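See below for the structure under consideration.
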Amino acid sequence: MFYTVIGTQWGDEGKGKIVDWLSSKADVVVRFQGGNNAGHTLKIKEKIFKLNLLPSGIIRGKQCIIGNGVILDPWALEEEIQILKKQGIVINSKNLQIAENICLILPLHIILDEINEKNRGEEKLGTTKKGIGPAYEDKIGRRAIRLCDLSDEKLLRKKITNLISFHSVRLIHFDKKINEADLINKLLKVFNKISQYLAPTWKILNDYGKKEKIILFEGAQGALLDIDFGTYPFVTSSNTSSGQIFAGTGFGIKDNHQVFGITKAYTTRVGSGPFPSELFDEIGNYLVVKGKEFGTVTKRKRRCGWFDTILVKQTVQINGVSNIILTKLDVLDELNEIKICVGYKIDNSNYDYLPFNENLQQRILPIYKIIPGWKSSTFGITEWSDLPKNAQNYINYIEEVIKTKISIISTGPERSQTIDRNNILSNI
Ligand code: IMP
C-alpha cells in the first residue's frame, strides 16, 4: 500500500505528528519536492526533533529516500544529519538514500534569493531565503549542478564556471562575488561526507513497490503553495501537489495509493499573498498566540484566519485526497462563535473556486457561515463521542461542504491525542 501526505492549505498544517505516526507503520518514507524551506517538528517521548530535509521516518529508523524532485542544500543536509546523530539517531547509507540526479542549492542561490526579494520591494514574496527558487530556476534552465556531478571533478569545474558565468551580470550588478575555486573545494569536501548516500533511488523505490512494501510519500509546504495550482506568484518553486510524487521520485503510478490531506481547523499562511479569510482583529491575534503560530524555519509570525472551504475543496480535488486529517481543533475551544468561509463574492459575482487572476483574488469578499463555539476543552480527546456537540457540528459541516471525509482529528501534539474516527490509522 502507498500513502501520500500533503498539506491542503498554505503549509504548517501540523503534518509532523501525522507523518511520524504513518512513518512508524511504513517500510519506506520518501520526500519528493521542496527542500530545507520545510520544517517539521516531531515530539517523541519528550524529545524534540527538528527536520528540514530528511524524511520523518529517519527518527523511527525507517528506510528513507530523498527523491530527485527535492532541491538539496548539501551543507544543510550534512548539518541536519550531524544534529540528529548527536540526538542518538542512526543515519547511514543503509537507511538513507539520495537521488543521484537531485539538483543542488549553492550559496549563489541564497544570494540570488536575497537579491530577488529586495528587488521586488513592496511585492516581495516573503521567501524563506534558503535559495529554493533560484536553484529550481537553474534546474529548469538546464544548468544546475546535480549531486552526481560532484563525483567528476572535471565536469564539476566546467559546470560551475558556466553557472557562475550565467549569473555574473546580476552578481556584478549587485556587487556580489563568488570565489569559484573556493566553491568547488567546499563542494568536494561536503561530497566526501554525503557521497555514501547517493543511489539510483527511482530503481530502489520501484523494487520496494514490487515487494508491496508500505511506502509513505511525505509532502512539504502545502497545496496552495504549488507552483501551478497555488496563489501564484506567492508560491514556492516546486509542485507541492500529490501528482509530483511520480516526477519527483520516478515511482510509477499505482492503484493502491491513498492521499491524506492534513488540514488545520482554521487557516494560516506565512509570507505574502492573497488570503481571503484572513483576520486582522483580536481573534486573529488570539489564534497566533493560542496556536503558537510562528514559522519553524523563519520564526515569522503566521497570518491567521477562518477555515476556508472554497480553498480546501479545491485542493482536495487537485490532490486526489481521500481522507482529511484535521489538526489543532483545540485552538478554537474558547471562541464564542466560529466563522467558516463558504463562498467568495467578487464584484457582485459569486465564486465557488479561487480564480487565478491576481486582481480578482485581491477583491474577494468571503461569505461566511457562522457556527456557535463549544466553549469547552477538546484538548487530548480521543473519542468522537466525547467531543462537544458544537465541535462535532463544526467538523460535520465542513465535511459536508468539502465533500471529503474528515476521518482523523488531532487534538494535541502527542500521538495518543487523536480521534481515529473511521479506524483508518489503526488499520494501516
Ligand atoms: P520559498 O519556498 O522559500 O521560495 O518561499 C516561497 C513561499 O512559500 C513563501 O511565502 C514562504 O513563506 C512559503 N513557504 C515555503 N516553505 C514553507 C513551509 O514549509 N511552510 C509554510 N510556508 C512555506
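Quick caveat, the model's predicted, so the values are computed rather than measured. Each ligand, and each atom within it, is numbered from 1 in the order the structure gives. Computed from heavy atoms alone, side chains included, the values below leave out hydrogens, waters and symmetry copies. Numbers for residues simply follow the sequence, beginning at 1.
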Distance to 0.1 Å, residue and atom name: give those for the protein heavy atom nearest to atom 6 (C) of ligand 1. V235 O, 3.3 Å
Geometric N/O contact S237 with ligand 1, under 3.5 angstrom: no
Donor on one side chain, acceptor on other, T127 and D113, under 3.5 Å: yes
Within reach of ligand 1, part of W10 (heavy-atom separation under 4.0 Å): backbone
Look at the rings of W306 and Y368 and say which category their plane angle falls in: under 30° parallel, 30 to 60° tilted, over 60° perpendicular. perpendicular
Testing D333, D330, T411 for side chain to side chain donor-acceptor pair (under 3.5 Å) with T378, which one passes? D333
For K264 and T268, test the side chains for any donor-to-acceptor distance below 3.5 angstrom and give the result as yes or no. yes
Nearest-neighbour protein heavy atom for atom 19 (O) of ligand 1, which is reported as residue plus atom name and distance: N37 O, 3.3 Å
Under 3.5 Å, is there a donor on one side chain and an acceptor on the other for E180 and T161? yes
Check each atom of ligand 1 against the heavy atoms of V270 and keep those under 4.0 Å away; list them by number with element. 10 (O), 12 (O), 21 (C), 22 (N)
With respect to T128, determine whether any N or O atom, backbone or side chain, lies less than 3.5 Å from an N or O atom of ligand 1. yes
Heavy-atom nearest option to atom 11 (C) of ligand 1, drawn from G271, G126, S272, S238: G126
Under 4.0 Å between a side-chain nitrogen and a carboxylate oxygen: does that hold for K176 and E114? no
Quick check on ring pair (Phe, Tyr, Trp, His ring centres under 6.0 Å): which of Y208, Y3, F251 does F217 satisfy it with? F251
Quick one about R31 and T249 (side-chain donor to acceptor, distance below 3.5 Å, no hydrogens or angles considered), yes or no? no
Please write down residue, atom name and distance for the protein heavy atom closest to atom 12 (O) of ligand 1. R300 NH2, 3.0 Å
To check your reading of the model: name the closest protein heavy atom to atom 16 (N) of ligand 1, its residue, and the distance in Å. Q221 CG, 3.2 Å
Would E293 and R269 pass as an ion pair if we require N to O under 4.0 Å? no
Nearest protein heavy-atom contact for atom 2 (O) of ligand 1: which residue, which atom, what distance? T236 OG1, 2.6 Å
Heavy atom of the protein closest to atom 21 (C) of ligand 1 (residue, atom name, distance): D12 OD2, 3.1 Å
Selection from T127, N52, T268, L225 by shortest heavy-atom distance to atom 13 (C) of ligand 1: L225
Ligand 1 atoms in contact with A38 (distance to a heavy atom under 4.0 Å): 19 (O)
